[in-house]
K.L.:
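Here you go, one structure.
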Amino acid sequence: MRVFVTGATGFIGSATIRELIEAGHQVLGLARSDTAEAMLAAVGAEVHRGALDNLDSLRSGAAAADGVIHTAFVHDFSDFARACETDQRAIETLGAVLAGSDRPLVVASGTPALLPGHLVTEEDTADLNAPGAARLPRRSEETALSFSSRGVRASVVRLRRSVHGEGDQGFVPTLINIARTKGVSAYPGDGSQRWPAVHRKDAAHLFRLALESAPTGSRLHAVGDEGVPVREIAGVIGRRLGVPVVALPVEEAGSHFGFIGSIFSLDCPASSTLTQQRLGWHPVQPGLLADLDQEYYFKMALQNA
Ligand SMILES: NC(=O)c1ccc[n+]([C@@H]2O[C@H](COP(=O)([O-])OP(=O)(O)OC[C@H]3O[C@@H](n4cnc5c(N)ncnc54)[C@H](OP(=O)(O)O)[C@@H]3O)[C@@H](O)[C@H]2O)c1
C-alpha cells in the first residue's frame with residue numbers, strides 16, 4: 001500500500017515507517033520542516049510537506065494514499081485543549097477524504113479515563129466517573145471511530161503510559177532525571193501500582209497490522225507489559241544511578257515528582273489479550289525493565305536534563 005503517515009518523524013511514527021517500508025509498503029510522510037524532510041528521505045519515504053493545521057496538506061496527503069496512519073500530535077501541555085482541537089480537526093479531515101472508500105485510517109490514541117485498578121481491555125471505553133475524566137479533552141478515539149459508519153476501515157491503537165526504546169523522551173527519562181536531581185529513586189505508597197508499557201518497535205508492528213487487517217471499529221492495545229509495579233521501575237533507576245530507593249507517602253508524590261506524581265501513583269494495568277487474539281500481534285521486544293536497564297536510557301536522560 002501507499003500509506004500517508006502523519007508524525008512520521010516522531011518517536012513512534014519513525015519506527016512505524018521503518019516497519020512499513022521493511023514490509024514492502026510505500027510511505028508518504030508528512031514533514032513540516034527541512035529537517036523532517038531529510039529524515040524521511042534518509043529512510044526511503046516520500047515526503048509530503050504540510051502540517052496538522054494546514055488542512056489542505058492533510059487532504060492531499062490522504063487523497064494520494066491507499067491508507068492513513070495518524071501519529072502526529074502537538075505535545076504542548078501548556079495548551080492541551082488546543083492541541084486536542086488540532087488533533088480532532090486533523091482526524092476529521094483525514095477521515096472525510098477516506099469516507100466511502102473502505103480505505104484504512106489508523107489513529108494513535110491516548111488512554112481512556114477509567115477507574116484506577118481496573119485492568120483495561122479493548123472493550124472498555126472512557127468512564128466518565130473516573131478521576132479527571134470530564135477534564136480530558138482528547139477525542140482522537142471517538143473521532144476516528146465515528147468514521148466506521150462512513151465507509152472507512154477506522155481503527156485506533158491505544159498507547160498505554162510508556163512507549164519505550166532508544167530515543168524515549170517521555171515519562172521514564174523524566175523519572176530518571178528526578179532521581180538524579182533529588183539523590184533518591186522514590187516510588188509512591190507501597191509501589192505496587194501497575195504501569196503498562198510497550199516497546200516502540202512492537203507498537204510500530206501493531207500499527208502496520210492494524211493498517212493491513214484491523215476490522216473497522218477496532219480498539220487495539222499496544223501493551224507489552226500489562227503493568228510493571230512502580231517500585232520495580234524505581235529499583236532499576238536507583239541501581240543504575242547508585243542512589244537509594246525509597247518509599248514516599250502518596251500525598252508527597254506531587255511535591256517530589258511534580259506533574260508526573262499523580263500519574264506515578266495510579267494503578268492502571270492494561271491488557272492486550274484481545275488484540276493479540278484478533279490480529280495475531282505478539283510483543284517480542286524487551287519489556288520495560290529490561291529496556292530501562294540499557295545504557296542509552298541513562299545517557300538520554302542526561303541529554304534531556
Ligand atoms: N510516546 C509515548 O509514550 C506515548 C504514550 C501514549 C500516547 N502516545 C501518543 O502516540 C502518538 C505519537 O507519539 P510520539 O511519542 O511518537 O510523539 P513525538 O515523538 O512527540 O512525535 C510527534 C510527531 O508529531 C509531529 N507534529 C507535531 N506537531 C505537528 C504539527 N503541528 N504539524 C505536523 N506534525 C506535527 C512531529 O513532527 P516534528 O518532527 O516536525 O516535530 C512528530 O513527527 C501521539 O498521539 C501521542 O500522544 C505516545
Side-chain angles (χ1 to χ4, degrees), residues 1-8 10 12-30 43-46 58 61-72 90-91 94-112 120-125 140-160 163 165 196 198-224 226 270-285:
M1 284 188 221
R2 186 163 193 240
V3 191
F4 180 47
V5 182
T6 73
I12 297 167
S14 60
T16 301
I17 66 171
R18 282 193 180 86
E19 166 82 25
L20 291 168
I21 290 169
E22 278 166 20
H25 296 291
Q26 280 174 269
V27 168
L28 181 62
L30 183 68
V43 295
E46 289 175 73
L58 301 183
D66 302 309
V68 174
I69 296 180
H70 172 61
T71 66
I91 298 168
L94 296 165
V97 174
L98 302 179
S101 71
D102 287 330
R103 281 180 284 166
L105 170 65
V106 185
V107 168
S109 132
T111 308
V120 181
T121 78
E122 294 80 345
E123 308 287 271
D124 288 309
T125 50
S140 316
E141 180 166 321
E142 296 84 339
T143 310
L145 296 186
S146 72
F147 283 94
S148 289
S149 59
R150 295 179 56 191
V152 178
R153 187 160 59 76
S155 62
V156 293
V157 174
R158 287 174 172 172
L159 300 144
R160 297 279 301 175
V163 182
V198 70
H199 193 283
R200 70 195 286 239
K201 289 186 181 169
D202 284 324
H205 184 209
L206 182 55
F207 274 98
R208 172 167 74 80
L209 294 183
L211 175 92
E212 291 172 347
S213 61
T216 196
S218 298
R219 294 183 179 87
L220 302 163
H221 276 197
V223 171
E226 278 195 358
S271 161
S272 60
T273 303
L274 293 175
T275 299
Q276 298 196 35
Q277 286 168 0
R278 290 170 181 168
L279 283 198
W281 171 76
H282 299 292
V284 295
Q285 299 294 330

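These numbers were taken from a predicted model, which means no experiment stands behind them.
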K.L.:
Evaluate the side-chain contact (heavy atoms from CB on, under 4.5 Å) criterion for residues S140 and I91: first the C-alpha distance (whole Å), next the side-chain angles of each, then the deciding distance (0.1 Å), finally the verdict.
P.N.:
CA-CA 7 Å; S140 316; I91 298 168; 3.8 Å; yes

K.L.:
Could you work out, with side-chain hydrogen bond (donor to acceptor under 3.5 Å, both in side chains) as the rule, every residue matching R18, not counting sequence neighbours?
P.N.:
none

K.L.:
What closest approach, in Å, do V157 and A222 show between heavy atoms, and which atom pair accounts for it?
P.N.:
CG1-CB, 3.9 Å

K.L.:
Check whether R153 reaches the backbone of L211 with its side chain - one donor and one acceptor, N or O, closer than 3.5 Å.
P.N.:
yes

K.L.:
Looking at F147 and A96, what are the two nearest heavy atoms and their distance?
P.N.:
CE2-N, 3.4 Å

K.L.:
Quick check: closest heavy atoms across H199 and G165, and the distance to 0.1 Å?
P.N.:
NE2-CA, 4.1 Å

K.L.:
Are any of the side-chain heavy atoms of L20 and I69 separated by less than 4.5 Å?
P.N.:
yes

K.L.:
Output, in order, the C-alpha distance, side-chain angles, deciding distance and verdict of side chain to side chain donor-acceptor pair (under 3.5 Å) for R160 and S272.
P.N.:
CA-CA 10 Å; R160 297 279 301 175; S272 60; over 6 Å; no

K.L.:
Can you tell me if S148 uses its side chain to pair, donor with acceptor, with the backbone of G217 under 3.5 Å?
P.N.:
yes

K.L.:
Considering non-hydrogen atoms only, spot the tightest contact between I17 and S14 and give its length.
P.N.:
CG1-O, 3.4 Å

K.L.:
Does the pair L94 and V107 meet the rule for a side-chain contact (heavy atoms from CB on, under 4.5 Å), with working shown?
P.N.:
CA-CA 10 Å; L94 296 165; V107 168; over 6 Å; no

K.L.:
Return the minimal non-hydrogen interatomic distance between T71 and A8, and the atom names on each side.
P.N.:
OG1-N, 4.4 Å

K.L.:
Once rounded to the nearest 0.5 Å, what's the spacing between atom CD of Q26 and atom CD1 of I21?
P.N.:
9.5 Å

K.L.:
So, T216 side chain and V152 main chain: donor-acceptor pair closer than 3.5 Å or not?
P.N.:
yes

K.L.:
Any chance you could measure Q277, atom CD, to H282, atom NE2, to the nearest 0.5 Å?
P.N.:
9.0 Å

K.L.:
Could you check whether any side-chain N or O of S271 sits under 3.5 Å from a backbone N or O of V120, counting only pairs where one atom can act as donor and the other as acceptor?
P.N.:
no

K.L.:
Report the distance from atom CG of D66 to atom CG of L98, rounding to the nearest 0.5 Å.
P.N.:
10.0 Å

K.L.:
Nearest 0.5 Å please: distance from the CZ atom of F207 over to the OG1 atom of T16.
P.N.:
5.5 Å

K.L.:
Of all the heavy-atom pairs spanning V97 and A63, show the shortest one and how long it is.
P.N.:
CG1-N, 3.6 Å

K.L.:
Side-chain donor-acceptor pair under 3.5 Å between R219 and S109, yes or no?
P.N.:
no

K.L.:
To the nearest 0.5 Å, tell me how far R208 CZ sits from L279 CG.
P.N.:
11.0 Å

K.L.:
Are the side chain of S218 and the backbone of L220 linked by a donor-acceptor contact shorter than 3.5 Å?
P.N.:
no

K.L.:
Just by distance, do the side chain of R158 and the backbone of T121 share a donor-acceptor pair under 3.5 Å?
P.N.:
yes

K.L.:
Using the test salt bridge (charged side-chain N to carboxylate O under 4.0 Å, His left out), find all partners of E46 that sit at least two apart in sequence or belong to another chain.
P.N.:
R2

K.L.:
Between CG of L159 and NE2 of H221, what distance do you get to the nearest 0.5 Å?
P.N.:
10.0 Å

K.L.:
Would H25 and E212 satisfy side-chain contact (heavy atoms from CB on, under 4.5 Å), going step by step from the backbone distance to the final call?
P.N.:
CA-CA 10 Å; H25 296 291; E212 291 172 347; 2.7 Å; yes

